[in-house]
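Worksheet: the structure to be examined is printed underneath.
Any value given below was found using the heavy atoms of this structure, including those in side chains, with hydrogens, waters and symmetry copies removed.
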Amino acid sequence: ESVKRLMGMTVPAKPLPAGGAEEAAAREALWEWAVRHTERNDLFLTDSPEFREKTLRPITGAFKDGAYVVLAGTAPLYRWYVYIREVEACRARKGVNCWFDLARKYEAKYVVVDPGVRDAAPDGGFIRIWSQSGWSLWRRAEAPSGA
């Protein structure tokens with residue numbers, strides 16, 4: 001959190017256990033579903049490192065990914081910094097008109113909509129495949145044959 005502040009990034013307050021047991025059960029059901037029904041290399045848009053840990057799936061959107069690009073030089077670090085600011089700005093808007101755009105931009109096959117981005121809605125191109133207690137999972141629609 002100190003590093004985020006030094007970089008001028010938003011540091012959200014520690015979340016309260018909103019939704020309690022029901023939300024926790026939905027989150028765990030999502031992880032379980034993802035493990036059972038997706039491929040190991042499918043890319044997910046979520047900023048939850050916990051999702052990556054529990055499902056062993058690649059994600060895009062996590063703040064902690066910055067640690068991996070620090071060693072690669074300034075250009076990757078700058079791109080990561082710009083990207084993470086986009087994710088934070090979108091989350092501040094509850095996902096309105098941006099969450100699915102980020103998924104397209106960063107070529108994610110799946111989009112996780114959690115209660116923090118509850119107002120995110122696709123404008124086409126994604127199909128909801130799972131939903132429970134404020135959590136949902138969307139898959140990029142397949143392109144028609146010959147497209």
Interatomic distance, [X] atom [atom1] to [Y] atom [atom2] [nearest 0.5 angstrom]:
{"X": "I84", "Y": "D47", "atom1": "CD1", "atom2": "CG", "answer": "7.0 Å"}
{"X": "T38", "Y": "R139", "atom1": "OG1", "atom2": "CZ", "answer": "11.0 Å"}
{"X": "L43", "Y": "R140", "atom1": "CG", "atom2": "CZ", "answer": "9.5 Å"}

Please check if Y106 and V111 belong to a single hydrophobic cluster, counting links between Ile, Leu, Val, Met, Phe, Trp and Tyr side chain heavy atoms closer than 4.5 Å.
yes

Between R40 (side chain only) and R57 (backbone N and O only), is there a donor and an acceptor less than 3.5 Å apart?
no

Can you give me every donor-acceptor pair (side chain of residues 112-131, partner residue at least two apart or in another chain, under 3.5 Å) with its distance?
residue	atom	partner	partner atom	Å
D114	OD1	R91	NH1	3.1
D114	OD1	G116	N	2.7
D114	OD1	V117	N	3.4
D114	OD2	R91	NH2	2.8
R118	NH1	P115	O	3.2
D123	OD1	R104	NH2	2.7

Are any of the side-chain heavy atoms of V35 and W31 separated by less than 4.5 Å?
no

What pairs with [X] under salt bridge (charged side-chain N to carboxylate O under 4.0 Å, His left out), at least two apart in sequence or on another chain?
{"X": "E28", "answer": "none"}
{"X": "E50", "answer": "R27"}
{"X": "R36", "answer": "E32"}
{"X": "K105", "answer": "E86"}

So, E22 versus S133: side-chain donor-acceptor pair below 3.5 Å or not?
yes

Write out all pairs satisfying disulfide (SG to SG under 2.5 Å) with one or both partners inside residues 101-134, taking only residues at least two apart or from two chains.
none

Residue pairs meeting disulfide (SG to SG under 2.5 Å), one or both in residues 83-113, sequence neighbours left out, come to C90-C98

Over all heavy atoms of both residues, which pair between [X] and [Y] is shortest? Give the atoms and the distance, please.
{"X": "A29", "Y": "Q132", "answer": "CB-OE1, 3.7 Å"}
{"X": "Y110", "Y": "H37", "answer": "OH-O, 4.3 Å"}
{"X": "A103", "Y": "L45", "answer": "N-CD2, 3.7 Å"}

How about W138 and F100: are their ring centroids closer than 6.0 Å?
yes

Non-neighbouring partners of W99 that pass side chain to side chain donor-acceptor pair (under 3.5 Å), sequence neighbours left out
none

